[in-house]
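Written out below as structure tokens is the structure these notes cover.
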Amino acid sequence: DAALAHPHGLRFLPGSLHLLVTNAGANHASLYRNISSPAAPRWSAPPSLIGPILPLSMFRQINELAPMDGGPKGVAVHQGEIALCSQEMGIQVLRLAT
């Protein structure tokens, strides 16, 4: 998937058919929906994107120095919230739309 730039962390979202993937080299996270049938396991393409995560100027500055370090890395999901983190941004908590 072209939206994945150095995938780093992933979480299946509890109670849904979604997979969240963070991208260490991109300024977004990718949200895929399971569109499988019994005969053909598949994920949505293109994914929905969550971002931008960092201010664009900060992301570009970091990514020029280290292309695999600018974006979100860690991801956690708890009770309708997503926590994304990296050393540049700390922890950012986002509420999932219901």
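Evaluation of the side-chain contact (heavy atoms from CB on, under 4.5 Å) rule for Q61 yields no partner, not counting sequence neighbours. A search for side chain to side chain donor-acceptor pair (under 3.5 Å) contacts involving S48 returns nothing, not counting sequence neighbours.
The salt bridge (Lys or Arg N to Asp or Glu O under 4.0 Å) contacts involving residues 75-87 comprise E81-R95, where partners must be two or more places apart or lie in separate chains.
Proximity of W43 to N34: side-chain heavy atoms (C-beta onward) are separated by under 4.5 Å at one or more points.
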Name the atoms and distances for all side-chain donor-acceptor pairs under 3.5 Å in residues 12-22, with sequence neighbours left out.
from	atom 1	to	atom 2	distance (Å)
S16	OG	L13	O	3.1
S16	OG	H18	N	3.2
S16	OG	H18	ND1	3.4
T22	OG1	G9	N	2.8
T22	OG1	G9	O	3.3
T22	OG1	K73	O	2.6

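To the nearest 0.5 Å, atoms CZ (R11) and CG (L84) are separated by 11.0 Å. For the atom pair CE (M58) and CD1 (I53), the distance works out to 13.0 Å, reported to the nearest 0.5 Å. With rounding to the nearest 0.5 Å, the separation of CD in Q92 from CG in L54 is 7.5 Å.
The minimum heavy-atom distance linking Y32 with P47 is given by the pair CE2-CB, 3.5 Å.
The hydrophobic cluster around V93 extends to I91, counting ILVMFWY residues whose side-chain heavy atoms fall within less than 4.5 Å of a member.
Side chain of R33 to backbone of S44: no donor-acceptor contact under 3.5 angstrom is found.
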